[in-house]
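First listed ligand is number 1; within each ligand, the first listed atom is number 1.
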Amino acid sequence: MPTILMCPPDYYGIEYEINPWMSRSRQSDRALAVQQWEDLRGALEGAGATIELLPPVEGLPDLVFTANAALIYRNRAILARFRPEQRRGETPHVARWLTAHGFHLEEVPEEFAFEGAGDALFCGETLVAGYRIRSDARGHQWIAGRLGIPVLPVELVNPQFYHLDTCFCPLRPGSAIYYPAAFDDYALRALRAQIPNLIEVNAAEAARFACNAVVIGSTVVTNTGCPMLHAALKREGFEPVATELDEFLKAGGSAKCLTLRLDGEDAAGWRQRSGD
Ligand code: ARG
């Protein structure tokens with residue numbers, strides 16, 4: 001059963017600026033944010049997911065972005081070590097929740113920043129891992145060694161697409177969505193060599209966070225305003241679902257950022273082998 005961790009937006013807001021999307025002068029509308037979050041939850045449940053809830057905490061407005069909490073690998077959770085100090089207070093809450101729910105916690109060494117599933121996504125056997133802006137390449141190498149898995153570190157060069165999940169989304173082993181302008185040339189060559197079926201998102205839809213999609217079986221949930229991507233997904237046999245998430249774009253997040261898949265993403269090779 002697909003299981004997803006979400007955190008209700010009770011204390012969500014734009015209280016600081018740690019990426020180019022955030023401006024304290026562009027506040028989010030609390031009621032609208034709650035509505036959009038509930039609609040996303042409904043879309044995910046409609047696709048067959050069970051939603052687990054992380055209790056919201058006052059003073060931690062970005063806790064809603066559970067993708068950053070940790071990287072999940074079987075019953076292991078590699079906790080985030082946030083680059084911006086504004087988000088570091090989230091980790092003890094997440095750690096407590098994950099421990100209480102049976103995960104074995106691991107931490108990257110202190111000298112590395114690591115922002116969880118926001119920057120590390122399995123595509124088949126390989127952990128594709130974004131670095132430079134919010135996570136460190138050597139931290140990804142450390143994780144790969146620790147878990148005994150292959151890693152493909154890819155450099156992110158566009159500050160607007162500061163987490164890997166803003167510009168890349170594995171659909172199934174061998175297939176992914178991506179926005180090429182977010183990556184350096186070497187990363188692009190590596191992605192193209194490793195992943196035979198890459199669906200390219202255009203600049204306008206990338207700015208709607210088209211790549212920040214949640215995949216549940218054949219359903220792919222995104223923000224509204226991504227018609228080209230949705231047409232391409234249909235041609236590939238997926239069922240795209242649009243749900244408006246503009247209040248969360250104001251913080252630099254969308255569908256995928258608001259979720260953490262606790263049983264492993266559909267595209268993860270290890271999950272498919274565990275026979276779920
Ligand atoms: N305001 C948050 C930050 O900058 C947004 C996080 C979005 N999460 C993601 N997985 N891309 O950290």
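Close approach of ligand 1 to Arg87 (heavy-atom distance below 4.0 Å) involves ligand atoms 2 (C), 3 (C), 6 (C), 12 (O). Close approach to Gly118 involves these atoms of ligand 1, each under 4.0 Å from a residue heavy atom: 10 (N). Atoms of ligand 1 lying under 4.0 Å from at least one heavy atom of Met22, given by number and element, are 1 (N).
At a 3.5 angstrom cut-off on N or O pairs, Ala251 counts as close to ligand 1.
In this structure, atom 9 (C) of ligand 1 lies nearest to the protein heavy atom Cys257 SG, 2.8 Å. Regarding atom 4 (O) of ligand 1, its nearest protein heavy-atom neighbour is Asn19 ND2, 2.7 Å. With respect to atom 3 (C) of ligand 1, the closest heavy atom belonging to the protein is Arg134 NH2, 3.4 Å. For atom 10 (N) of ligand 1, the closest non-hydrogen atom of the protein is Asp165 OD2, 2.7 Å. Nearest non-hydrogen protein atom to atom 2 (C) of ligand 1 is Asp62 OD2, 3.3 Å. In this structure, atom 8 (N) of ligand 1 lies nearest to the protein heavy atom Asn68 OD1, 2.9 Å.
Residue contacts with ligand 1 leave out Trp21, since none of its heavy atoms falls under 4.0 Å from the ligand.
With Thr222 as reference, His230 is the one residue of His230, Arg208, Glu205 to meet the side-chain hydrogen bond (donor to acceptor under 3.5 Å, both in side chains) rule.
No part of Glu115 comes within 4.0 Å of ligand 1, judged by heavy-atom distances. Heavy atoms of Tyr162 found under 4.0 angstrom from ligand 1 belong exclusively to the side chain. For Lys256, no heavy-atom contact with ligand 1 is shorter than 4.0 Å.
Side-chain atoms of Leu63 and Leu54, non-hydrogen and from C-beta on, do get closer than 4.5 Å to each other. At least one side-chain heavy atom of Leu71 sits under 4.5 Å from a side-chain heavy atom of Ile143.
Other residues, nucleotides and ligands contribute at most 12 non-hydrogen atoms within 6.0 Å of the OH atom of Tyr186. Counting non-hydrogen atoms of other residues, nucleotides and ligands closer than 6.0 Å to CZ of Arg192 gives a total above 12. Annotation: Glu111, atom CD; neighbour count of heavy atoms from other residues, nucleotides and ligands within 6.0 Å is above 12.
No salt bridge links Arg134 with Asp119; every basic N to acidic carboxylate O contact stays at or beyond 4.0 Å.
Hydrophobic clustering keeps Ile18 apart from Leu60 (ILVMFWY residues linked when any side-chain heavy atoms are closer than 4.5 Å, directly or through intermediates). When hydrophobic clusters are built by joining Ile, Leu, Val, Met, Phe, Trp and Tyr residues whose side-chain heavy atoms come closer than 4.5 Å, directly or via intermediates, Leu258 is grouped together with Val214.
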